[in-house]
Amino acid sequence: MSSEDETWYAEVGIEPGAILKGGKSTYTIGRLLGEGGFGVVFKICDKNDSKLCYAMKIEKRIKNRIHSKLKMEISILKMVANERKGTSERNHFTAIIDRGKKEYYYFLIMQLVGKSLQDLKKDRPMNVFSLGTGLGVGMQCLEAVEDLHKHAFIHRDLKPANYACGLDNQMHTVYILDFGIARKYTNHKGELKTPRAEVRFKGTVRFASLACHRCIERSVKDDVESWFYLLLDLIVKEGLPWKNIDDKNIVQGRKEESRKNKDLYGTLKCKNDYQKILTYIDRLEYTDHVDYQFIYEKLKRIAAQQSINIDGPYDFEPPSKK
Ligand SMILES: Nc1ncnc2c1ncn2[C@@H]1O[C@H](COP(=O)(O)OP(=O)(O)OP(=O)(O)O)[C@@H](O)[C@H]1O
């Protein structure tokens with residue numbers, strides 16, 4: 001098996017129509033849903049009940065690699081699921097159905113969700129959601145991050161492609177995906193880890209926080225900064241000022257300039273309220289806690305000022321639900 005081969009999974013029998021024996025059931029592999037940095041995701045269905053369909057993420061087993069990204073993803077989903085038992089709050093994490101390892105790969109079978117926010121946005125005029133949907137969905141994205149932070153992890157790669165809506169009657173729920181580069185921010189004593197002197201850039205240039213560009217250790221505040229860029233990406237018709245730039249140093253410069261120019265909001269109304277959120281985020285330091293409530297309240301105020309309902313059906317929900 002060649003490590004360079006992009007279709008390594010076909011060589012080990014992972015392809016549409018193939019059968020996979022899991023720990024809890026046997027599954028028929030369906031179509032490829034997507035390929036990411038470390039994993040490949042397929043739709044799969046229970047062999048004994050084809051109505052039960054899930055998503056299966058697989059990661060190639062590499063000799064001598066200690067850190068499996070999929071194992072990290074599984075441990076986060078397991079931890080969140082255990083601590084959620086009995087609570088009625090909205091859940092933004094996919095359920096684990098089955099997991100295991102084979103000779104050449106690790107696999108995780110999880111709840112199947114719908115299109116990513118990135119793809120849902122593409123279906124819309126000007127590539128943005130209506131303000132009601134954008135603010136409502138944006139709040140859910142922050143709730144998901146708040147939940148992850150409660151479990152002492154930072155995500156480090158928040159972007160519209162890493163969130164998706166649920167299926168069928170869960171289309172109003174936003175799910176957070178892909179914990180491949182998440183990091184525990186506390187040590188074994190539950191204390192905040194001492195920041196490393198220098199860290200490598202990790203994540204996605206468009207949504208990376210300034211600390212990430214500057215190769216400084218990240219904390220919860222950096223996820224919230226990325227979330228803020230994500231929110232604007234969902235609702236600003238003009239897009240982020242650096243949307244057409246790939247070079248990470250130039251993007252860093254544009255992000256820094258935007259703090260002086262306040263040019264992030266295009267034709268949005270209530271610019272000062274968005275700016276107050278960013279000013280709040282920018283003042284946070286590595287050791288600070290985030291006041292998520294402050295941000296939710298600001299978003300609700302923006303909606304109220306424009307008489308916009310953020311709890312109504314979303315742009316992408318079927319007409320019968322509207
Ligand atoms: N539970 C799921 N249900 C449906 N689709 C999913 C699910 N999980 C992931 N996907 C889709 O599979 C694709 C790849 O997933 P994901 O981003 O998690 O992989 P990845 O290898 O971690 O990617 P990257 O590292 O590039 O961000 C994406 O298009 C995503 O929307």
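In each ligand, atom 1 is the first atom listed, and ligand 1 is the first ligand listed.
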If you draw a 6.0 Å radius around CG in Asn261, do more than 12 non-hydrogen atoms from other residues or ligands fall strictly inside? yes

Ligand 1 contact on Asn162 by region, counting heavy-atom pairs under 4.0 Å: side chain

Go through the steps to decide whether Glu191 and Thr186 satisfy the test side-chain hydrogen bond (donor to acceptor under 3.5 Å, both in side chains), and finish with yes or no. CA-CA 5 Å; Glu191 298 157 345; Thr186 54; over 6 Å; no

Any N or O of Asp178 that comes nearer than 3.5 Å to an N or O of ligand 1? yes

Minimum-distance protein heavy atom relative to atom 25 (O) of ligand 1: Gly37 N, 3.0 Å

So, does Lys57 sit close enough to ligand 1 that a heavy atom of it is under 4.0 Å from the ligand? yes

For atom 13 (C) of ligand 1, state whether the nearest protein heavy atom is under 4.0 Å away. yes

Starting from atom 28 (C) of ligand 1, find the nearest protein heavy-atom neighbour and note its residue, name and distance. Gly34 CA, 4.6 Å

Could you list the donor-acceptor pairs under 3.5 angstrom formed between side-chain atoms of residues 199-208 and any protein atom two or more places apart in sequence or on another chain?
from	atom 1	to	atom 2	distance (Å)
Thr204	OG1	Asp157	OD1	2.6
Thr204	OG1	Lys159	NZ	3.1
Arg206	NH2	Lys243	O	3.0

Taking the ring of Tyr104 and the ring of Tyr9, is the distance between their centroids below 6.0 Å? no

N/O of Leu112 under 3.5 Å from N/O of ligand 1, yes or no? no

Look only at the side chain of His149 and the backbone of Val290, and say whether a donor-acceptor pair between them is shorter than 3.5 Å. no

Mark up the atoms of ligand 1 that fall under 4.0 Å of a heavy atom belonging to Gly39, in ascending order. 21 (O)

Would you say the ring centroid of Tyr314 lies under 6.0 angstrom from that of Phe129? no

Paired with Tyr27, the side chain to side chain donor-acceptor pair (under 3.5 Å) test is passed by just one of Asp98, Asp46, Asn48, namely Asp98

Minimum-distance protein heavy atom relative to atom 29 (O) of ligand 1: Leu33 O, 4.0 Å

Show the atoms of ligand 1 that are less than 4.0 angstrom away from any heavy atom in Ala55. 1 (N), 2 (C), 3 (N)

Which residue supplies the protein heavy atom nearest to atom 1 (N) of ligand 1, what is that atom called, and how far is it? Gln111 O, 2.9 Å

Any idea which protein heavy atom is nearest atom 20 (P) of ligand 1, and the distance to it? Gly36 CA, 3.4 Å

Tell me if the aromatic rings of Tyr280 and Phe294 count as close, with their centers under 6.0 Å from one another. yes

What residue and atom, counting heavy atoms only, is the protein's closest point to atom 30 (C) of ligand 1, and at what distance? Leu177 CD1, 4.2 Å

Looking only at heavy atoms, is any part of Val41 under 4.0 Å from ligand 1, and if so is it the side chain, the backbone, or both, or is it neither? side chain

Are any of the N/O atoms in Glu35 less than 3.5 Å from those in ligand 1? no

Please work out whether the ring planes of Phe228 and Tyr265 are parallel, tilted or perpendicular, with thresholds of 30° and 60°. perpendicular

Just checking Tyr292 against Trp227, ring centres under 6.0 Å apart? no

Polar contacts were defined as any N/O atom of the residue lying under 3.5 Å from an N/O atom of the ligand; does this apply to Val113 and ligand 1? yes

Tyr105 vs Trp8 aromatic rings, parallel, tilted or perpendicular, using cut-offs 30° and 60°? tilted

Best match, Lys43, Met110, Lys115, Lys159: closest heavy atom to atom 8 (N) of ligand 1: Met110

